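Predicted model only: the values in this text are computed from it and were never measured. Only this structure's heavy atoms are used, side chains among them; waters, hydrogens and symmetry mates stay out. Numbers restart at 1 for each chain; the letters A, B, ... are given by sequence-line order, proteins then strands.
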Amino acid sequence: MSTDHHEEHPKGLSRWLFTTNHKDIGTLYLWFCFIMAVVGGIMSLVIRSELWQPGMQIVEPRFFNQMTTLHGLIMVFGFVMPAFVGLANWQLPMMIGAPDMALPRMNNWSFWLLPPAATLLVLSLFAPGGAPGAGWTLYPPLTVHEGMGMDFTILSVHMLGISSILGSINIIATILNMRAPGMTLMKMPMFAWSWLITAFLLLATIPVLAGAVTMLLTDRHFGTSFFDAAGGGDPVLFQHIFWFFGHPEVYILVLPAFGVFSQIIPTFARKPLFGYTSMVFATATIAFLSFIVWAHHMYTVGMPMTGELFFMYATMLIAVPTGVKVFNWVATMWRGSMTFETPMLWAIGGVFTFTMGGITGLMLSITPVDFQYHDTYFIVAHFHYTIIGGSVLAIFAAIYYWLPKWTGHMFSEPLGKLHFWLTLISFNLTFFPQHFLGLAGMPRRIPDYALQFTGFNEVSTIGAFMVIFAQLIFFYLVIKCIRGGEKAADQVWEGAEGLEWAVPSPAPYHTFATPPQVR
Amino acid sequence: MDIVGANQRTLRKLLLVAVAMFGFGYVLVPLYDVFCDVTGIRFNTQAKQENTAAAQGLVVDKTRWVTVEFTGNAMQGLPWEFYALKKKVRLHPGQTTVVKYFARNRADEAIVGQAVPSVAPPRATKHLKKAECFCFTQQRLAAGESKEMVVQFVIDPALPKEVDIITLSYAFFNADRVSANKYGGSAAPESHEHHGSHKKVTTNING
């Protein structure tokens with residue numbers, strides 16, 4: 001192929017519609033997830049405003065439930081998953097010395113499925129009967145009796161699922177076939193490793209979710225009775241199938257975050273990653289265990305003792321490989337020449353808050369204890385600590401880490417630090433009190449609550465508004481960084497290692513047209 | 001090295017995995033049943049019917065009292081009144097007891113119904129043994145007809161010590177799908193299969 005069309009590409013809208021360039025598609029993914037985060041964030045503010053005081057203030061209970069459902073679906077499928085796919089698109093080819101993703105046209109399609117899917121999901125709000133109000137887990141029998149909005153949601157989940165499957169196939173093919181000569185699997189950056197494993201998780205579980213929602217669809221309209229007791233089905237069956245997808249899904253959300261931490265912490269500790277091999281095996285172990293613990297989400301459905309014991313012990317076992325990872329990060333920092341630039345702050349903050357979420361997860365794994373915590377605000381606090389504390393902080397860390405490479409400009413360090421501290425403090429302000437609320441018995445997904453919960457709920461609402469509005473700083477910082485600023489060096493960070501730092505800043509439209517040789 | 005070809009091959013293999021996993025989701029439906037049967041962890045509401053004869057030879061445990069509560073609902077699609085005539089009884093394990101339920105057809109045509117029992121707590125299920133039950137067969141009520149229906153049961157003394165209250169509840173379904181739809185609801189489980197046979201009516205409390 002000739003190389004003299006280097007920086008040429010169509011301009012304007014058609015550039016973005018027809019692009020097969022991994023960097024363009026990565027950018028599209030990231031802006032898409034930014035928009036989704038804004039939409040989902042506004043929904044969370046509706047929830048928190050209603051919960052400012054006991055009693056019914058602002059919205060109807062039904063609308064409140066629609067908000068919790070859509071907030072969950074949008075944040076999981078519209079924000080966190082596409083954000084990591086976007087990062088993978090931008091970074092993976094550059095990190096493994098490939099010219100582009102393995103299947104560039106499919107890459108374009110897997111992105112462009114997302115906007116219609118998201119539109120359909122949001123449109124369900126305006127369908128007769130509104131969006132589903134059954135929570136993001138979509139449990140029947142409620143979801144069998146929901147209005148037309150539920151069908152919108154099911155089809156939207158199908159499209160989001162196809163997009164994820166295509167995206168993960170692309171990532172696997174890229175990593176397996178496109179590595180630079182000399183880069184063996186065990187020489188790959190940890191971000192590539194964690195994405196390889198995540199992609200296999202996606203490939204194995206998203207089709208199962210598609211199956212589960214298809215069963216819901218046929219139960220609703222085509223006379224099947226998978227989940228209808230009156231027809232010989234069983235609503236609990238849905239929970240089993242859903243969580244067979246759902247538990248690996250939470251690792252899909254967090255494993256790429258582990259990869260990001262494993263890139264950033266060595267850079268700013270100026271030491272190689274401690275225990276690279278054990279990191280790889282720990283990640284693979286977490287992925288394997290994620291398939292055999294699903295029923296810990298449903299201890300209270302009335303499982304036999306044998307089942308509860310099995311799922312309890314299997315769940316506790318996950319703490320071992322996760323602990324290996326956390327201790328490896330700590331050991332990487334140990335006696336390193338640490339500096340605390342913005343990406344490092346986000347990474348350390350992320351490891352810290354994720355570990356808090358991990359510990360509450362361990363508490364929840366204990367069956368008899370879970371009977372009390374089940375469906376309370378304790379679980380809400382727990383998974384926000386893992387998903388915001390782990391995944392979202394890692395997304396910010398990654399963006400700050402690679403933004404100079406993308407734009408060619410350094411961002412404003414003081415603003416980045418301000419954004420970090422505001423986010424970290426207000427995030428904890430929002431979700432830490434929810435532990436106490438849950439332990440005291442406040443149920444989740446309820447628009448009203450008993451009087452004694454008022455104080456903590458007010459703190460939580462104040463925190464939520466702070467956390468959302470703190471993101472305006474980020475938006476301003478990114479726009480400013482795209483427009484200009486101090487010229488970034490190719491290396492960007494003193495201690496950074498890896499192929500992506502060998503290309504100029506900003507990264508040219510085509511990189512590694514001739515593959516680099518890895519020693 | 002042919003990168004494009006390698007990528008195409010990877011794509012085909014992985015697409016196959018995705019399709020297979022979609023199928024696997026459906027295979028899970030019977031698989032959970034099989035798993036429960038193999039491991040014996042299923043709570044089957046009528047799993048021990050064949051032992052009823054043996055159950056009659058049970059020794060009455062006079063040292064222990066168990067309260068059995070009765071409840072029942074006519075489900076959507078069955079325009080019947082349906083309730084337990086006696087809300088609860090206090091008895092010793094091993095003591096054979098008879099209670100009655102009342103049903104009346106409010107529709108102006110004959111309707112066939114099928115009751116499906118369930119027991120709470122689930123671990124008491126296999127210890128509540130029914131010798132006779134209106135749920136064993138379909139019940140036909142003419143227009144406006146009413147009927148008292150009998151359940152004869154015994155509590156197995158092997159009932160776990162910590163269980164002292166058991167609830168027996170019935171969901172009464174319209175046995176005919178067309179008729180059920182007419183009255184705005186759903187039909188009974190696999191209604192075509194259990195004419196005169198009680199073995200098929202099993203409610204899977206837990207897979």
Nearest 0.5 angstrom please: [X] [atom1] to [Y] [atom2], how far?
| X | Y | atom1 | atom2 | result |
| --- | --- | --- | --- | --- |
| B:K13 | A:I172 | NZ | CD1 | 11.5 Å |
| A:I165 | B:L14 | CD1 | CG | 11.0 Å |
| A:I169 | B:L15 | CD1 | CG | 4.0 Å |
| B:T10 | A:I175 | OG1 | CD1 | 12.0 Å |
| B:L11 | A:N177 | CG | CG | 10.5 Å |

Margin query: Please verify the inter-ring angle class for A:F226 with B:Y26; under 30° counts as parallel, over 60° as perpendicular, anything in between as tilted.
Written below: perpendicular

Notebook entry, point to check: For A:L103, does its backbone N or O pair with a side-chain atom of B:N7 as donor and acceptor, under 3.5 Å?
Noted result: no

Check: Is the shortest heavy-atom distance from the side chain of A:T214 to the side chain of B:F22 under 4.5 Å?
Finding: yes

Notebook entry, point to check: Between A:F244 and B:F24, is the gap from one ring center to the other below 6.0 Å?
Noted result: yes

Got a sec: does the [atom1] of [X] have more than 12 other heavy atoms crowding it under 6.0 Å?
| X | atom1 | result |
| --- | --- | --- |
| A:W112 | CH2 | yes |
| A:Y313 | OH | no |
| B:K147 | NZ | yes |
| B:E109 | CD | yes |
| A:K187 | NZ | yes |

Structural part of [X] lying under 4.5 Å from a heavy atom of chain B:
| X | value |
| --- | --- |
| A:I241 | both |
| A:F245 | neither |
| A:M106 | side chain |
| A:A212 | neither |

Checklist line | Considering all heavy atoms, the nearest A:M178-B:I3 contact | finding: SD-CG2, 3.4 Å

Note to self: At a heavy-atom distance under 4.5 Å, which candidate from A:G223, A:A204, A:A210, A:S225 has the highest pair count against chain B?
What the structure shows: A:A204

